[in-house]
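Notes follow the structure.
Reminder, nothing fancy here: chain letters follow the sequence lines and each chain counts from 1. Everything numeric here is computed off the predicted structure, so don't read it as measured data.
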Protein chains: 2
Amino acid sequence: MATKAAVPQVAPRSAMEPLVQESTPSMIAGRVREAIASGLIPPGSQLGEANLARELGVSRGPLREGLQRLTAEGLLISIRNRGLFVIEMTPERVQDMYLARQAVERAAAERIHQGDPVAAGASLATVIDVMASARDQHAESAADVSFHELLVSLAASPRLSRMHGILITETRMCINALSDLYVQGDRVRVEEHRAIAQSFSDRDPALTDRLLVAHMSDAVHRLTGGRVEQG
Amino acid sequence: MATKAAVPQVAPRSAMEPLVQESTPSMIAGRVREAIASGLIPPGSQLGEANLARELGVSRGPLREGLQRLTAEGLLISIRNRGLFVIEMTPERVQDMYLARQAVERAAAERIHQGDPVAAGASLATVIDVMASARDQHAESAADVSFHELLVSLAASPRLSRMHGILITETRMCINALSDLYVQGDRVRVEEHRAIAQSFSDRDPALTDRLLVAHMSDAVHRLTGGRVEQG
DNA sequence: GCGCGTGCGATTGTCGACAATACTATTAGA
DNA sequence: TCTAATAGTATTGTCGACAATCGCACGCGC
């Protein structure tokens with residue numbers, strides 16, 4: 001009978017797709033990473049294993065595995081028989097972090113220019129619109145982060161994306177911890193990003209590079225209050 | 001008796017200093033990482049937890065924690081309920097790896113030029129002498145790796161060094177796996193490195209940058225056999 | 001002969017308990 | 001009163017065992 005053929009044998013694609021359950025340590029790492037990035041767990045604080053395990057509803061085994069991952073990312077430091085601590089953001093660390101971000105994002109930008117910079121510029125412009133319409137500083141910072149994440153992802157390089165993700169986590173933590181210093185009174189930040197996006201649309205690699213360097217330099221000076229001179 | 005006073009109460013400084021024992025998962029990660037980099041554990045192979053734990057004389061708990069660290073580095077991939085596998089080096093991966101290495105090393109080189117490039121050039125020249133006097137290909141590759149590790153460490157950037165260390169591990173693994181393709185008949189490789197070191201001594205940042213890009217491009221073409229065109 | 005369901009073996013995932021270490025508060029002595 | 005040794009407590013480090021899941025081979029039915 002033809003009636004049976006009318007009954008779908010499988011559920012719609014959208015309902016079946018996301019059944020790829022990631023490992024528990026990975027989920028734990030994601031949760032704790034987010035808690036650190038958002039400032040819920042402040043820098044310098046110790047992570048008690050028993051507390052966290054109870055809070056997340058898992059045993060200490062998987063928890064420790066997830067935390068080891070964050071240690072490998074440099075987000076936590078391990079002191080033997082003492083425990084794990086969230087790193088603190090000194091001016092030197094901020095400077096180094098932005099040096100690394102600059103390395104990654106400049107490489108990503110160069111690669112984008114080798115591909116389809118016009119399409120990339122259009123994508124980035126969308127994020128900038130979100131940034132421009134942000135009502136509070138929190139939303140603006142979120143859009144800022146999104147811009148740079150999209151920038152690197154457009155380079156389609158797994159390694160650059162992975163390295164950048166780690167750095168972005170540190171950046172977010174830093175912004176939350178030093179939010180007083182990150183105040184950007186007017187809309188200068190939006191215009192800086194718009195210029196970067198435009199340089200992609202204009203197919204001007206050298207300009208993109210210069211703008212990125214200046215943008216990073218600005219951020220460092222803003223966050224460190226100019227207390228660190230280059231070594 | 002005065003003889004007792006002659007006995008030193010404390011050991012010499014050099015013997016007491018390095019008592020900072022690193023955590024067990026960290027040591028495990030180092031061992032396994034080295035085994036993978038040296039080719040002792042070939043790409044694509046599965047890491048049986050029970051075997052490894054017995055081999056290293058530890059329990060599965062710390063072992064799994066150490067392996068999570070390597071997973072975070074991207075050296076292992078985890079498939080739930082299946083186990084951990086060493087990544088395989090496809091041409092795309094090699095290309096991406098060198099893209100990331102290029103990003104890190106170019107940034108390190110730029111930073112060196114902002115500091116003391118002449119001293120850096122001298123340090124690098126020392127490594128090149130070792131490379132030039134290498135008898136077999138293995139020693140030459142080791143010196144090659146040392147050159148690039150020193151290059152990045154001279155930038156004195158913790159994050160660049162950490163990211164580069166991960167990439168160098170992959171590079172070593174790749175060279176061991178594809179050693180047939182990495183044959184460098186004559187002494188071209190030595191001269192390439194010598195030119196890079198010289199560009200530091202000559203305080204020529206632009207030349208360093210160009211040489212590094214060319215050097216990386218050469219390596220990619222050598223390892224992939226020119227099978228991958230840029231995307 | 002071919003496809004499918006089922007049982008088996010092996011490996012991973014998780015948990016609780018024990019041991020070791022470091023920090024803290026208390027108390028005795030100078 | 002201050003120093004120093006000590007007992008106590010809390011936390012981390014490690015281990016062994018149990019449960020869950022997956023791949024594979026055997027056997028049955030069509």
Side-chain angles (χ1 to χ4, degrees), chain A residues 1 4-5 9-10 16-32 35-36 41-73 75-88, chain B residues 9-10 16-32 35-36 41-88:
Chain A
M1 298 288 284
K4 184 165 187 185
Q9 291 297 96
V10 294
M16 293 298 290
E17 195 80 32
L19 194 45
V20 283
Q21 44 190 348
E22 59 180 342
S23 70
T24 307
S26 175
M27 291 189 297
I28 292 172
R31 285 282 196 89
V32 178
I36 293 174
I41 302 177
S45 60
Q46 180 173 6
L47 291 113
E49 296 180 359
N51 281 341
L52 268 178
R54 221 178 315 114
E55 217 166 309
L56 293 172
V58 294
S59 182
R60 280 179 53 212
L63 180 90
R64 285 172 61 94
E65 292 181 26
L67 263 43
Q68 279 291 335
R69 198 174 283 213
L70 300 184
T71 303
E73 294 177 7
L75 209 60
L76 304 176
I77 59 172
S78 169
I79 304 178
R80 186 165 170 124
N81 290 322
R82 282 286 307 279
L84 295 164
F85 299 83
V86 181
I87 58 169
E88 302 208 51
Chain B
Q9 291 295 96
V10 294
M16 293 297 292
E17 196 81 30
L19 193 45
V20 284
Q21 44 189 347
E22 59 180 343
S23 70
T24 308
S26 175
M27 292 190 296
I28 293 172
R31 284 283 195 87
V32 178
I36 294 174
I41 302 177
S45 60
Q46 180 173 7
L47 297 169
E49 296 180 0
N51 281 341
L52 268 178
R54 220 179 314 114
E55 217 166 305
L56 293 172
V58 294
S59 183
R60 279 180 54 211
L63 179 89
R64 285 173 63 94
E65 292 181 26
L67 262 44
Q68 279 292 334
R69 199 174 283 212
L70 299 183
T71 303
E73 294 176 7
L75 209 60
L76 304 177
I77 59 172
S78 170
I79 304 179
R80 186 166 169 120
N81 290 321
R82 281 286 307 276
L84 295 164
F85 299 83
V86 182
I87 58 169
E88 301 208 52

Please report, rounded to the nearest Å, how far the [atom2] atom of [N] is from the [atom1] atom of [X].
X: B:Arg64; N: C:dC15; atom1: CZ; atom2: P; answer: 11 Å
X: B:Leu47; N: C:dT12; atom1: CG; atom2: C1'; answer: 13 Å
X: B:Ile79; N: D:dT21; atom1: CD1; atom2: P; answer: 18 Å
X: A:Phe85; N: D:dT12; atom1: CZ; atom2: P; answer: 8 Å
X: B:Asn81; N: C:dT11; atom1: CG; atom2: C1'; answer: 9 Å
X: B:Arg60; N: C:dC15; atom1: CZ; atom2: P; answer: 14 Å
X: B:Arg54; N: C:dA10; atom1: CZ; atom2: P; answer: 13 Å
X: A:Leu56; N: C:dT14; atom1: CG; atom2: P; answer: 13 Å

Do other residues, nucleotides or ligands put more than 12 heavy atoms under 6.0 Å from the CD atom of B:Glu55?
no
Indicate whether OP1 or OP2 belonging to C:dC23 is found under 4.0 Å from a side-chain N or O atom of A:Arg82.
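Affirmative; the distance criterion is met.
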Within the 4.0 Å heavy-atom criterion, would you say [X] contacts the bases, only the backbone, or no part of the nucleic acid?
X: B:Ser23; result: nothing
X: A:Leu63; result: nothing
X: B:Gly61; result: nothing
X: B:Leu67; result: nothing

Counting side-chain heavy atoms from CB outward, which of C:dT12, C:dG13, D:dG13 is closest to B:Gln46?
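From the listed options, C:dT12 comes nearest.
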Per atom distances to the A:Thr24 side chain, the nearest of C:dC15, D:dC15, C:dG13 is C:dG13
Does a side-chain heavy-atom distance below 4.5 Å link [X] with [Y]?
X: A:Ile28; Y: A:Leu52; value: no
X: A:Arg64; Y: A:Gln68; value: no
X: A:Thr71; Y: A:Ile77; value: no

To the closest 0.5 Å, what do you measure between OG (A:Ser23) and CZ (A:Arg69)?
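Going from the OG atom of A:Ser23 to the CZ atom of A:Arg69 covers 5.0 Å.
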If you pin B:Gly48 and A:Arg80 to their nearest nucleotides in DNA chain C, which one's is more 5'?
B:Gly48
